Structure formats: structure tokens, C-alpha cells
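Structure first, then comments.
Remember, it's 1-based here, ligands and their atoms both numbered in the order they're listed. None of these values were measured; they are calculated from a predicted model.
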Amino acid sequence: MAIDATQPYDETNIFARILRGEIPSKTVYEDEHALAFHDIAPQAPAHILVIPKGAYVSWDDFSARASDAEIAGFVRAVGTVARAAGMVAPGYRLLANTGPDAGQEVPHLHVHIFAGRPLGPMLAR
Ligand code: AMP
């Protein structure tokens, strides 16, 4: 179910639990600011999620409240993950669903990285 991205942070959300090590993930990268892992239901041959380590509900929350160091660290982590996976030359797509109209389901900011085939039109028609 899509979430309301204006709500306070929910410490029980699934990505908070992954960050606390309470449930497993297929980690591909981790540093001070970010964790990247494979999406559990991939929608492309490569489908990786990158999340900040801080408690941010959405892109809106993160861009408003995160420190410059957290934002720089997170953006660099997304680039590092895509580069390390060999996605730059063939190309990749980033997606950060924010709120109900975008269909955001998990209330912890995550950037999807899709790659591995031509990804088609930007939005379903
Ligand atoms: P969104 O609709 O943008 O909120 O996307 C949430 C994404 O999280 C979906 O692509 C799910 O497949 C993915 N997801 C949900 N639970 C897990 C999990 N435990 N491990 C990895 N990915 C997950």
C-alpha cells in the first residue's frame, strides 16, 4: 500500500529493520552514509536499492532535513554502486518514489537503480 510521505518516521519499517540487521538483505555496498542491496522483487535484470543510513521518510524529508555531508555521501554512494556494477556505459535509470501518487510503499527513502536491458518509456502510459 502506498504511504503518506508527510508522516513522521516509522522505526518499524522494513528498511529500518534491514539497517538494524534484524532482517537480511543481499548487500552490494555499504559505507558511512548509505546501504545498497538487491530489490527482493526485481523489475529489471539489475534492480538495486540504495538507502541513506539516517531516518528519512522520503526524498522530500531527506532533501529538507539531511546534512550536506549525508546528502553528498548518499548521492556519491548511488553513483559508486552503479559504476561498480558496470552500468554506466550501457546506461541505468534512477527512481525515487515519493508519496501516494508515486506509489511509495516503504517509508524510508530509497533510490531504485534499474539496469541490464533497454528500460523503455520513462512512465507507463
Ligand atoms: P517503492 O514502491 O518505491 O516504495 O519500492 C519499495 C521496493 O522495496 C519494492 O521494489 C520492493 O520489492 C522492495 N522491497 C520490499 N521489501 C524488501 C526487502 N525485504 N528487501 C529488498 N527489497 C524489498
Side-chain angles (χ1 to χ4, degrees):
M1 196 176 103
I3 61 107
D4 177 349
T6 64
Q7 289 302 300
Y9 188 78
D10 172 9
E11 295 285 350
T12 69
N13 80 76
I14 194 102
F15 294 167
R17 297 182 63 202
I18 286 175
L19 282 170
R20 290 195 295 267
E22 294 169 4
I23 56 171
S25 68
K26 290 188 178 169
T27 303
V28 299
Y29 177 82
E30 181 168 14
D31 67 17
E32 179 188 354
H33 293 295
L35 178 71
F37 50 91
H38 290 285
D39 195 289
I40 203 166
Q43 296 188 40
H47 184 175
I48 295 171
L49 301 174
V50 189
I51 67 174
K53 288 203 166 167
Y56 299 101
V57 175
S58 66
W59 185 269
D60 178 69
D61 189 23
F62 186 68
S63 60
R65 291 197 304 111
S67 69
D68 290 355
E70 287 176 295
I71 292 171
F74 181 68
V75 171
R76 287 199 187 281
V78 173
T80 296
V81 168
R83 214 173 294 122
M87 295 170 173
V88 177
Y92 62 94
R93 181 171 292 164
L94 303 180
L95 179 70
N97 291 318
T98 304
D101 277 1
Q104 182 180 0
E105 291 180 349
V106 179
H108 181 113
L109 170 62
H110 47 286
V111 168
H112 298 256
I113 307 178
F114 300 105
R117 64 166 169 78
L119 293 165
M122 198 155 38
L123 291 175
R125 296 180 198 286

For residues Val88 and Val111: do they belong to one hydrophobic cluster (side chain heavy atoms under 4.5 Å, members Ile, Leu, Val, Met, Phe, Trp, Tyr)? yes
Are Lys26 and ligand 1 in contact, using a heavy-atom cut-off of under 4.0 Å? no
Note: ligand 1 atoms sitting under 4.0 Å from heavy atoms of Ala41 are 12 (O)
Should you measure from each heavy atom of Asn97, which atoms of ligand 1 turn up under 4.0 Å away? 1 (P), 2 (O), 3 (O)
Considering only heavy atoms of Glu105, which atoms of ligand 1 have at least one such atom less than 4.0 Å away? 1 (P), 2 (O), 4 (O)
Find all atoms of ligand 1 within a distance of less than 4.0 Å from any non-hydrogen atom belonging to Phe37, and give their numbers and elements. 21 (C)
Before you tell me yes or no, could you show the steps for Lys53 and Glu30 under salt bridge (charged side-chain N to carboxylate O under 4.0 Å, His left out), namely the whole-Å CA-CA distance, both residues' side-chain angles and the distance that decides it to 0.1 Å? CA-CA 9 Å; Lys53 288 203 166 167; Glu30 181 168 14; 2.7 Å; yes
Between ligand 1 and Gly103, is the shortest N or O to N or O distance under 3.5 Å? yes
With no hydrogens and no angle check, is any side-chain donor or acceptor of Gln104 less than 3.5 Å from a backbone partner on Val106? yes
Ignoring angles and geometry beyond distance, decide whether Gln43 reaches within less than 3.5 Å of ligand 1 through its nitrogen or oxygen atoms. no
Are Leu109 and Tyr9 linked, directly or through other ILVMFWY residues, by side chains that come within less than 4.5 angstrom of each other? no
Identify, for atom 23 (C) of ligand 1, the protein heavy atom at the shortest distance, and state residue, atom and that distance. Ile40 CG2, 3.5 Å
Is there at least one pair of N or O atoms, one from Gln104 and one from ligand 1, spaced under 3.5 Å apart? no
Return the CD1 to CG distance between Ile18 and Leu49, rounded to the nearest 0.5 Å. 8.0 Å
If we only count N/O pairs under 3.5 Å, is His38 in contact with ligand 1? no
Would you please classify the geometry between the Phe62 ring and the Trp59 ring as parallel, tilted or perpendicular, with 30° and 60° separating the classes? tilted
Can you hop from Val78 to Leu35 via hydrophobic side chains spaced under 4.5 Å? no
Please say whether Asp39 places an N or O atom under 3.5 Å from an N or O atom belonging to ligand 1. yes
Do me a favour and list the nearest non-hydrogen protein atom to atom 6 (C) of ligand 1 with residue, atom name and distance? His110 NE2, 3.5 Å
Please give me the minimum heavy-atom distance between Phe15 and Asn13, naming the atom from each residue. N-OD1, 2.9 Å
Do Leu95 and Val57 belong together in a cluster built from hydrophobic side chains that touch within less than 4.5 Å? no
Under 3.5 Å, N or O to N or O, is Phe15 touching ligand 1 that way? no
Does Val106 reach ligand 1 with a nitrogen or oxygen that is under 3.5 Å from one of the ligand's nitrogen or oxygen atoms? yes
When rounded to the nearest 0.5 Å, the distance separating NE2 of His108 from CD of Glu11 is 10.0 Å
Which bit of Leu95 is near ligand 1, meaning a heavy atom under 4.0 Å away: side chain, backbone, both or neither? neither
For His112, the ligand 1 atoms with a heavy-atom partner under 4.0 Å come out as 1 (P), 3 (O), 5 (O), 7 (C), 10 (O)
